[in-house]
Visitor: 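There's a structure below that I have some questions on.
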Amino acid sequence: MDSHLLPAYARVDLAFERGEGVWLTATNGDRYLDFASGVAVNALGHSHPHVVEAITEQAKRVMHVSNLYRIPEGERLAKRLCALSFADVVFFANSGAEAMEGVIKIVRKYQSANGHPERYRILTFEGSFHGRTLATLAAAKNKKHLDGFGPIMDGFDQAPMGDIEAVKRAIGPETAGILIEPVQGEGGVRVVPPSFAKALRALCDERGLLLAFDEVQTGIGRLGEMFGYQKLGVTPDVMGLAKGLGAGFPIGACLATAEAAKGMTPGTHGSTFGGNPLAMAAGNAVLDVVTKRGFMEHVREMALLFKQRLAEIKDRHPSVIAEVRGEGLLIGLKCQGPNGELIDALRAEKLLAVGAGDNVARLVPPLIVTDAEISDAVARLDRACAAIERNRQEPRKQGAAE
Ligand SMILES: *Cc1c(COP(=O)(O)O)cnc(C)c1O
């Protein structure tokens, strides 16, 4: 493998040369059913014709101009995102971590603009993930990610997810807001109970705190609603989006109410690339598709079907799968053995999945997945589980056959 890339990833020796819909073709010609979606990014699958056309046409006109000028495509995308959500204003960035940096800054600035500059601390949850920048790492407090990178940025406290009494204890006079993912994706597909989210909302209202959602993974239909907060029945004040919003084109966005964003005046934040016409064309094209009548119903139908079929597989292979969890098309298989064992066995069956914390294998198919593709994936999962069971019974024979 190429040795000139910083070895920050433990990559699989596999490369793809093209994709179409839910399918990826490797450089050796093998076809894979892609239920990893570039880590929940390719919401519309690969090479979606409408997105490809929008990007191509925009690239021919103008790709980048900077935020020194008005960007009509961005004004349009912001207006559409606000019409679809609780938000009044949008800031565009280029990634999930950047979106979350913006969210953190908006929360702090709100308190400062409100006469409470001493309120700068944000409460986050154990097992969360918010990105790999220094602030977002400090927010998630994952020791593995922070080790060796110097002093941890101040301003974040943490409580166990689901424990409202612990949250109350962790809130102090310096607390500015609470930040949570509607479903912890990287943390192991851990679903936030709606009652807990409602209790957080009530607590924020009572104490003058902002409620911020990290919807980088859950937003844009992943849970069967446009945004995860709609699934929870709780409205945040600020929210970060990224992954599915560009469906493969890098985009991040912070959405906020006008009240929450009132401190964000000219000069308070910025990005050279954020919101450039090419990215905005991609985002608008994605919204064209996901807002079509019936799209979310399709996601919900596929999610229900997939979950039912996965429950059957779990019953057939209890020594491999301990639990099926998740919401919508963000599904986790908690493994009995190491999750890498299942992910490798799935890849041998030409089904792509992605790991998550808590020993979970994540299945995050494109939202355009069909019932036939789900059946195909379930058959591959069945065979992969059977292969693991055989391998455990006769490890030597299996090894000799390879
Ligand atoms: C992926 C992810 C991020 C980070 O996004 P990047 O684009 O990798 O910076 C942040 N929060 C959540 C919930 C994510 O799933």
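Residues take their numbers from the sequence shown, with the count starting at 1. One-based numbering, in listed order, for ligands and for the atoms of each.
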Visitor: Quick check: do M302 and I374 have side-chain heavy atoms less than 4.5 Å from each other?
Guide: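 They are in side-chain contact.
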Visitor: Relative to ligand 1, is K243 under 4.0 angstrom through side chain, backbone, both or neither, heavy atoms considered?
Guide: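 Only the side chain of K243 comes within reach of ligand 1.
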Visitor: Whether D205 and R201 form a salt bridge (side-chain N of Lys/Arg under 4.0 Å from carboxylate O of Asp/Glu) is what I want to check.
Guide: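 Answer for the salt bridge query: yes.
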Visitor: So is G131 polar-close to ligand 1, meaning N/O to N/O under 3.5 Å?
Guide: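 G131 vs ligand 1: no N/O contact under 3.5 Å.
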Visitor: Check the side chains of T218 and E215 for a donor-acceptor pair under 3.5 angstrom, ignoring hydrogens and angles.
Guide: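 Indeed, the side chains of E215 and T218 share at least one donor-acceptor pair under 3.5 Å.
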Visitor: With a 4.0 Å cut-off, strictly under, does atom 6 (P) of ligand 1 pick up any protein heavy atom?
Guide: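 Yes; the ligand atom in question has protein heavy-atom contact below 4.0 Å.
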Visitor: Counting each atom of ligand 1 from 1 as listed, which ones have a heavy atom of S95 under 4.0 Å away?
Guide: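 Those atoms are 7 (O), 9 (O).
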Visitor: Which atoms of ligand 1 sit under 4.0 Å from any heavy atom of A97?
Guide: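 Here the atoms of ligand 1 in question are 4 (C), 5 (O), 6 (P), 9 (O).
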Visitor: Which of the listed options, T218, D214, I180, holds the heavy atom that is closest to atom 12 (C) of ligand 1?
Guide: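 Answer by nearest heavy atom: D214.
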Visitor: Return the CD1 to OH distance between I122 and Y120, rounded to the nearest 0.5 Å.
Guide: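 Here the interatomic distance stands at 11.0 Å.
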Visitor: Are any of the side-chain heavy atoms of M280 and P72 separated by less than 4.5 Å?
Guide: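 Not in contact.
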Visitor: Taking only heavy atoms of E181, which atoms of ligand 1 are found under 4.0 Å from at least one of them?
Guide: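 That gives atoms 13 (C) of ligand 1.
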Visitor: Consider only side-chain N and O atoms of N42 and H48, and report whether a donor and an acceptor are under 3.5 Å apart.
Guide: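 Their side chains do not contain a donor-acceptor pair, so the 3.5 Å distance test is not met.
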Visitor: Any salt bridge linking D376 with R380? Criterion: basic side-chain nitrogen under 4.0 Å from a carboxylate oxygen.
Guide: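 Salt bridge: yes.
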Visitor: Can you list the atoms of ligand 1 that are under 4.0 Å from a heavy atom of G96?
Guide: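 Those qualifying, in numeric order: 4 (C), 5 (O), 6 (P), 7 (O), 9 (O).
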Visitor: With nothing but distance in play, are any N or O atoms of E98 less than 3.5 Å from an N or O of ligand 1?
Guide: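 Such a contact does not occur with ligand 1.
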